[in-house]
Amino acid sequence: MFNFHEIFYRQPASAKWYDRREYVFIEFCVEDSKEVKVDFGKNKLTFSCLGGADSLKHLNEVELFQSIDPNESKHKRTDRSVLCCLRKAESGQSWPRMTKEKAKLNWLSVDFNNWKDWEDDSDEDMSNFDRFSEMMNNMGGDEDVDLPEVDGADDDSPDSDDEKMPDLE
């Protein structure tokens, strides 16, 4: 006897996206993903995997806002998510949304932690994420490649929790 939901049911994975000068990033938030498949089409992205302890089947299909270069687009799987780096066919073109249509997808949201209005930036002032974009462009699909720390880990400024603690009595 088979379970209908185990064989046929696929739900979209939740995802966050953000825009950069030459790339669009989309992160599919699936822990412990297996059998990850990412298909970069010129105008479409298809993502599928098994995820979580229950090996739930996920399938996401996105008709993209603009064209990408499928040969220069990459993805990287971690234990918590799958990050896709989509190389824009026309760099320097801002994407106001990820999708071709203006329809709201309940599984897709803007990653405001990484969003940046890059149109006003000079090329000399590259952010950590722009450097990450270049690294993604140069890396292959190796599973062993370590992603860089990109949230300010390179700066030497002390964190607020690095202050000396008082001695215990």
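Count residues from 1 along the sequence.
A heavy-atom distance below 4.5 Å is found between the side chains of M98 and V62. Counting heavy atoms from C-beta outward, K34 and C49 have side chains that stay 4.5 Å or more apart. Side-chain contact check for T46 versus K44: some heavy-atom pair is nearer than 4.5 Å. Residues L59 and F47 form no side-chain contact, since every pair of their non-hydrogen atoms from C-beta on lies 4.5 Å or further apart. Between H75 and F40, some side-chain heavy-atom pair lies under the 4.5 Å cut-off. By the 4.5 Å heavy-atom criterion applied to side chains, H58 and V30 are counted as neighbours. In this structure the side chain of F65 reaches within 4.5 angstrom of the side chain of R97, judged on heavy atoms. Side-chain contact between T99 and L64: absent, with no pair of heavy atoms (C-beta onward) separated by less than 4.5 Å.
Tracing side-chain contacts under 4.5 Å through hydrophobic residues (I, L, V, M, F, W, Y), one never reaches L50 starting from V82; they form parts of separate clusters.
Applying the ring-ring contact (aromatic ring centres under 6.0 Å, His included) test to W115 and every residue at least two apart in sequence or in another chain returns W17.
Atoms OG1 and CD, on T78 and E31 in that order, are 9.0 Å from each other to the nearest 0.5 Å. With rounding to the nearest 0.5 angstrom, the OG atom of S109 is 6.5 Å from the NZ atom of K104. Between R21 atom CZ and Q93 atom CD the span is 12.0 Å, to the nearest 0.5 Å. Here the CG atom belonging to L45 is positioned 6.5 Å from the CD1 atom belonging to I68, to the nearest 0.5 angstrom. S81 OG to K16 NZ: the interatomic distance, rounded to the nearest 0.5 Å, is 7.5 Å. The line from CG of L108 to CD1 of I26 is 5.0 Å long, rounded to the nearest 0.5 Å.
For D19 and K88, the salt-bridge test passes: some basic side-chain N is under 4.0 Å from an acidic carboxylate O.
Judged by a 6.0 Å distance limit and a 45° cone about the ring axis, R87 is positioned over the six-membered ring of Y23.
Side chain of R77 to main chain of S33: a donor-acceptor pair is present (N/O by atom type, distance under 3.5 Å, no hydrogens or angles).
K57 and S48 are not linked by any side-chain donor-acceptor pair at a separation below 3.5 angstrom, with hydrogens and angles left out of the test.
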